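Keep in mind that what you see is a predicted model, and the values were worked out from it rather than measured.
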Amino acid sequence: MACPGKEGTPLPYTASPIKLLWSDLSLFISKLWALPGIFLPLNIGRMHEWNEFYPSFRNGATVLIHIFLVAYQLVFLISLPIMVVCMIPGLWVLAYSVIGFTINYAIVMLSLNGFQQVLVSQVPVVERPGHERERWLYINGIAAGHHWVQMNIDQLSYIFGRKVTGVHNRTAGIVFDLIECLVQRDFAYATGDIRRAYALVKEALLDPECDKVLLLLHSQGGIEGGLVVDWLLDELPHDLLHRLECISLVNPLAISSITPTQLILWLWGGVLHFVDIPNRYMGRLFVRPNSGHLLNMHYLDNMFTLGPDMRVLDSNPFMEMEVEPWATAGINGYDGPPHRIRYQPTIARDEAFLPAALSLQRSQTNGVGQLLRVKDFSRLWQYRNGGHPKDTETRHDNDTHEHVYI
């Protein structure tokens with residue numbers, strides 16, 4: 001990464017928490033125009049019962065509660081400085097704050113979250129030999145109550161043919177969740193769900209009966225996963241850490257220090273603010289021109305489309321997109337063909353990871369070679385329907401990073 005302080009360069013996560021907070025607030029305000037892209041497109045014609053906006057009573061109630069909480073929290077936060085300006089006695093302000101937070105807590109716990117912190121997928125999957133030596137863990141993003149997290153891990157379980165354990169990052173409402181993101185990211189504050197996730201991941205890595213741990217992270221879960229990984233790097237040796245793979249479906253702004261070379265990192269996510277900065281990310285970088293940030297409805301349905309038998313189809317438009325290599329910066333304004341995805345290769349190391357990358361190199365140099373698509377490069381795609389990556393036994397741990405943004 002470029003030297004801290006240089007114009008256009010993000011602050012390192014070791015910078016002053018106040019400076020980090022100010023930087024993130026400024027960036028958030030400058031990107032407010034992109035907020036509708038979190039929920040759109042709705043894909044009404046393709047909705048199924050596990051989509052977050054599927055027209056069911058439970059989903060409808062969840063959305064209405066979140067709308068109420070947004071209004072409630074904004075009014076509450078705006079009223080606090082007004083009370084200070086109006087010289088309301090400090091004890092009254094404190095009492096008002098306690099009552100306000102207590103009401104909010106009661107609403108989210110009773111109507112959205114419940115009190116179960118660790119969830120397990122409930123759908124029937126037939127695990128293959130060897131799956132008993134794997135652990136699949138998931139941390140959700142903002143605004144996800146118990147019902148949506150259960151839908152997340154159930155769909156993940158069908159896609160990958162494994163049982164998936166979810167560590168519930170409980171929602172406090174969208175506004176308060178965003179504030180919590182800033183506190184976690186800028187002050188490196190580990191909330192209870194981060195500590196629980198760390199304990200589960202560490203336990204799995206130390207288990208002699210476990211050969212591989214996959215940590216799936218969505219949205220705010222990327223921030224939490226970053227803190228978990230930082231702690232693991234402090235405490236565990238390389239021969240245990242190399243068993244861990246992180247799959248992160250997240251806005252890259254959420255990641256602070258989740259790119260250690262001992263791990264396999266996959267990033268699928270949001271706004272391309274820092275992509276043009278040299279050496280910001282290690283490994284493969286894909287760009288797909290589309291929007292949407294809900295896990296089931298936008299990511300999983302498009303990348304791992306399920307058929308009527310609840311198995312991933314052998315083909316879908318995302319995985320069939322043509323790979324178009326580029327070697328220079330300037331991708332933020334990419335407006336290329338909608339059937340293509342942009343890919344920045346790391347040819348020097350890719351041969352050890354996937355033979356398709358070598359074919360790409362040859363096609364660039366001599367004009368020949370087969371047409372390559374996303375599925376030719378995606379390690380995660382090989383896990384579908386209970387499968388395993390072809391290079392599971394021989395992969396090089398320092399050379400297996402992938403970044404995908406939509």
[X]-[Y] side chain donor-acceptor pair, cut-off 3.5 Å:
X: Thr191; Y: Gln184; value: yes
X: Gln155; Y: Asp301; value: yes
X: Asn104; Y: Tyr72; value: no
X: Asn296; Y: His48; value: no
X: Tyr299; Y: His218; value: no
X: Asn59; Y: Glu52; value: no

Please give me the minimum heavy-atom distance between [X] and [Y], naming the atom from each residue.
X: Ala143; Y: Asp177; value: N-OD2, 2.8 Å
X: Leu20; Y: Ala15; value: CD1-O, 3.7 Å
X: Ser79; Y: Tyr96; value: OG-OH, 2.7 Å
X: Met297; Y: Asn302; value: O-ND2, 3.9 Å
X: Leu236; Y: Leu241; value: O-CD1, 3.5 Å
X: Gly173; Y: Leu69; value: CA-CD1, 4.0 Å

Partner residues of Tyr158 under the ring pair (Phe, Tyr, Trp, His ring centres under 6.0 Å) criterion, sequence neighbours left out: Trp50
Is a side-chain N or O of [X] found less than 3.5 angstrom from the main chain of [Y], in a donor-acceptor match?
X: Asn316; Y: Phe318; result: yes
X: Ser23; Y: Lys19; result: no
X: Ser26; Y: Trp22; result: yes
X: His298; Y: His293; result: yes
X: Asp186; Y: Pro17; result: no
X: Gln73; Y: Val175; result: yes
X: His66; Y: Val63; result: no
X: Ser121; Y: Val164; result: yes
X: Glu49; Y: Ser56; result: no
X: Asp376; Y: Arg373; result: yes

Close side-chain approach of [X] and [Y], heavy atoms under 4.5 Å:
X: Leu206; Y: Leu240; result: yes
X: Leu156; Y: Leu216; result: yes
X: Phe304; Y: Tyr383; result: no

Residue pairs, two or more places apart or on separate chains, that pass salt bridge (Lys or Arg N to Asp or Glu O under 4.0 Å) and touch residues 124-143: Arg133-Glu209, Arg133-Asp211, Glu134-Arg162, Arg135-Asp207
Pairs satisfying salt bridge (Lys or Arg N to Asp or Glu O under 4.0 Å), at least one member in residues 190-206, at least two apart: Lys202-Glu235
Aromatic ring pairing Tyr198/Trp231, orientation class (parallel under 30°, perpendicular over 60°, tilted between): perpendicular
Phe101 and Phe176 aromatic ring geometry - parallel, tilted or perpendicular at 30°/60° bounds: tilted
Please determine whether the number of non-hydrogen atoms from other residues, nucleotides or ligands lying under 6.0 Å from atom [atom1] of [X] exceeds 12.
X: Tyr105; atom1: OH; result: no
X: Phe57; atom1: CZ; result: no
X: Leu91; atom1: CG; result: no
X: Tyr189; atom1: OH; result: no

Which value, rounded to the nearest 0.5 Å, describes the distance between [X] atom [atom1] and [Y] atom [atom2]?
X: Leu80; Y: Ser97; atom1: CG; atom2: OG; result: 4.5 Å
X: Met151; Y: Gln122; atom1: CE; atom2: CD; result: 14.0 Å
X: Leu214; Y: Arg243; atom1: CG; atom2: CZ; result: 13.5 Å

